[in-house]
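What's counted below: heavy atoms across the whole structure, side chains too, no hydrogens, waters or symmetry copies. In this chain, residues are counted from 1 in sequence order. What you are looking at is a predicted structure, and each value in this text was computed from that prediction instead of being measured.
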Amino acid sequence: MEKYQEEYDKLLAREKKAVNWLDSPERAPGEIEKHLPNYENILDNLNMLISKHNISGKEILQGFTEVNS
C-alpha cells in the first residue's frame, strides 16, 4: 500500500469517528462548535488527497484497506 493510501485510510477512520462523536445526542452545541474546526480540517485533508491522487469509486467512502482486503 502506498503512503498516501495509508494516510487516506487513517484520515477516513478519524472522519468516521468524528461523525459518530458529532452526531451523538449527548453533545452540547458548544462542544460541537469547539471541535468543528478539527473535523473541517480532516475533511480538507481528505479532499486534498482525493484531488491530488485521483481517488475515486469505493475508495472515497471505504478507503483502501476495506476495498483491497
What's the shortest heavy-atom distance between T65 and D9, and which atoms? OG1-OD2, 2.5 Å
Which pairs with one or both residues in residues 23-40 pass side-chain hydrogen bond (donor to acceptor under 3.5 Å, both in side chains), sequence neighbours excluded? E15-Y39, S24-E26
One should read off an interatomic distance between I42 CD1 and L12 CG, to the nearest 0.5 angstrom, of 10.0 Å
Side-chain heavy atoms of Y8 within contact of I60, under 4.5 Å: yes
Only pairs under 3.5 Å count here: list side-chain donor-acceptor contacts from residues 45-57, not counting sequence neighbours, and write none if there are none.
residue : atom : partner : partner atom : Å
N45     : ND2  : N41     : O            : 3.2
N47     : ND2  : L43     : O            : 3.2
S51     : OG   : N47     : O            : 3.2

Checking E6 side chain against K3 main chain: does a donor-acceptor pair fall under 3.5 Å? no
